[in-house]
Amino acid sequence: MKLSKQVLVLLLCFLFVQFTAQAESFGSTGQSNDQQPPPPVQHSPQELQQLVAPIALYPDALVAQILAASTYPTEIVEADRWMQGHSKLKGEELAKEVDKQPWDPSVKALTQFSSVLENMDKNLSWTSSLGEAYVNQPQDVTDVVQTLRQQARSAGHLDSNEQEKVTSQGSTIVIEPANPEVVYVPAYDPWLVYGAPVVAYPGWYPVPGIFWGGAGLSFGLGFGIGYFGGFGWGWGHWGYDWHGRRANFDHHAFVSHSREFGHEGFRHGDLGRGGPHGGDFHGSSSFHAGSGFHAHPGTRSGAFSGFDHGGNVRGFSSRGRSSFGGGSRGGGFHGGGRHR
């Protein structure tokens, strides 16, 4: 009987030690295996305006491409670096080589608009935050695009011209190329063009070719879409469903399969990719966002540790120069041609 009591005491002591160890383990990690991840980041209307302002006045199909591609920031970097290394490729030859790359169709589509791709690479924090916003708040992002277009029209900066056709469908403003074979990317100051100034995105870097320091829009040379049109990711495959509040790819709502965004925000260590039809590619082991910039695992989008919000170390912010010299590389497009 005495031995049985000793065994029972020892058993109780053992169970108590096990329970204490598990409790301490739970306290050190701060979570249990069943704990749900935190909810996705929700941007305020003012923050959404900052994110959308640089692209709201682009043609509808280009807006769709940018929003879709912004959910693949790593591929944006890879594509822009690839374009720099293949600057001699033009026209059909460029299109064929781009088609071989393992990027999402939206990223491939942007290689035709080299200045836009460059802007998304150089302002990588903005790009990743835009992608995060579109993943988590697609309807809000869509509504802000239309709100800013209404403001630009009220300010007298958004009307049909030789480069683009601006029409209204009820309260929706639609922007299309005036010539279906040539796409013009307007250059403008995204913080001034809407009348009441929009607060500039922190660290925004004004890329020559798509930034113009005036109050209206500037148009340079257009981009012919013929060579890219025959591929499954070309211009004709994109559009915007303003009623459904989604970017469209092949007449269906674009669904991003990027793993770079989730409840944890921007993630570098788990880079999976795939186009709208699935696919699974593994990201490169190094993420180079700009000269001297390296993103690290666990870094949140919109807040790259140790660097400004432009994705690079910048000595200035974009409160605008009256003019910005130099042209964008590739594509033959230069801002400052025709001003409105």
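- Under 4.0 Å is where a charged nitrogen must lie from a carboxylate oxygen, and between K96 and E93 no such pair does.
- At distances below 3.5 Å, at least one donor-acceptor pair connects side-chain atoms of S258 with backbone N or O atoms of T71.
- For the pair E118 and F113, the minimum side-chain heavy-atom distance is 4.5 Å or more.
- No more than 12 heavy atoms of other residues, nucleotides or ligands sit less than 6.0 Å from atom CD of E92.
- Counting all heavy atoms, side chain and backbone alike, G239 lies closest to A64 at O-CB, 3.1 Å.
- Taking every heavy atom of both residues into account, N161 and A178 meet most closely at O-CB, 3.9 Å.
- The closest donor-acceptor contact from the side chain of N179 to the backbone of E181 lies under 3.5 Å.
- Counting only distance, with no hydrogens or angles, the side chain of Y194 and the backbone of A53 share a donor-acceptor pair below 3.5 Å.
- Judged as a salt bridge (charged side-chain N to carboxylate O under 4.0 Å, His left out), and not counting sequence neighbours, R153 has no contacts.
- Counted within 6.0 Å of CZ on F231, heavy atoms from surrounding residues, nucleotides or ligands total more than 12; the atom is thus considered enclosed.
- Judged by distance alone, with hydrogens and angles left aside, the side-chain atoms of Y134 form a donor-acceptor pair with the main-chain N or O of A247 at under 3.5 Å.
- When the options I76, D80, V77 are evaluated for a side-chain contact (heavy atoms from CB on, under 4.5 Å) with V107, the one that passes is I76.
- In this structure a side-chain-to-backbone donor-acceptor pair under 3.5 Å is missing from Q137 to S44.
- Under a 3.5 Å cut-off, the side chain of K108 and the backbone N or O of D99 do form a donor-acceptor pair.
- Each of R149, H157, E164 was compared with L57 under the side-chain contact (heavy atoms from CB on, under 4.5 Å) criterion, and only R149 meets it.
- Of all heavy-atom pairs between P177 and V182, the closest is CB-O, 3.3 Å.
- At distances below 3.5 Å, at least one donor-acceptor pair connects side-chain atoms of T142 with backbone N or O atoms of R245.
- The nearest pair of heavy atoms linking W191 to Y201 is CH2-N, 3.4 Å.
- Here the side chain of N136 pairs a donor or acceptor atom with the backbone of E132 at under 3.5 angstrom.
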N248 and W238: side-chain contact (heavy atoms from CB on, under 4.5 Å), yes or no, with the steps?
CA-CA 6 Å; N248 268 4; W238 296 92; over 6 Å; no
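- Nearest approach of S115 to F223, heavy atoms of both residues: OG-CZ, 4.2 Å.
- Under a 3.5 Å cut-off, the side chain of Q163 and the backbone N or O of F219 do not form any donor-acceptor pair.
- Under a 3.5 Å cut-off, the side chain of Y72 and the backbone N or O of S256 do not form any donor-acceptor pair.
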Worksheet entry | T111 and F228: CA distance, side-chain angles, deciding distance, side-chain contact (heavy atoms from CB on, under 4.5 Å) verdict | CA-CA 10 Å; T111 60; F228 287 68; 3.6 Å; yes
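- Nearest heavy atom pair, residue G156 against residue D159, reads O-OD2, 4.1 Å.
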field: Residues N119, W126; criterion side-chain hydrogen bond (donor to acceptor under 3.5 Å, both in side chains); working and verdict
entry: CA-CA 10 Å; N119 176 61; W126 164 77; over 6 Å; no
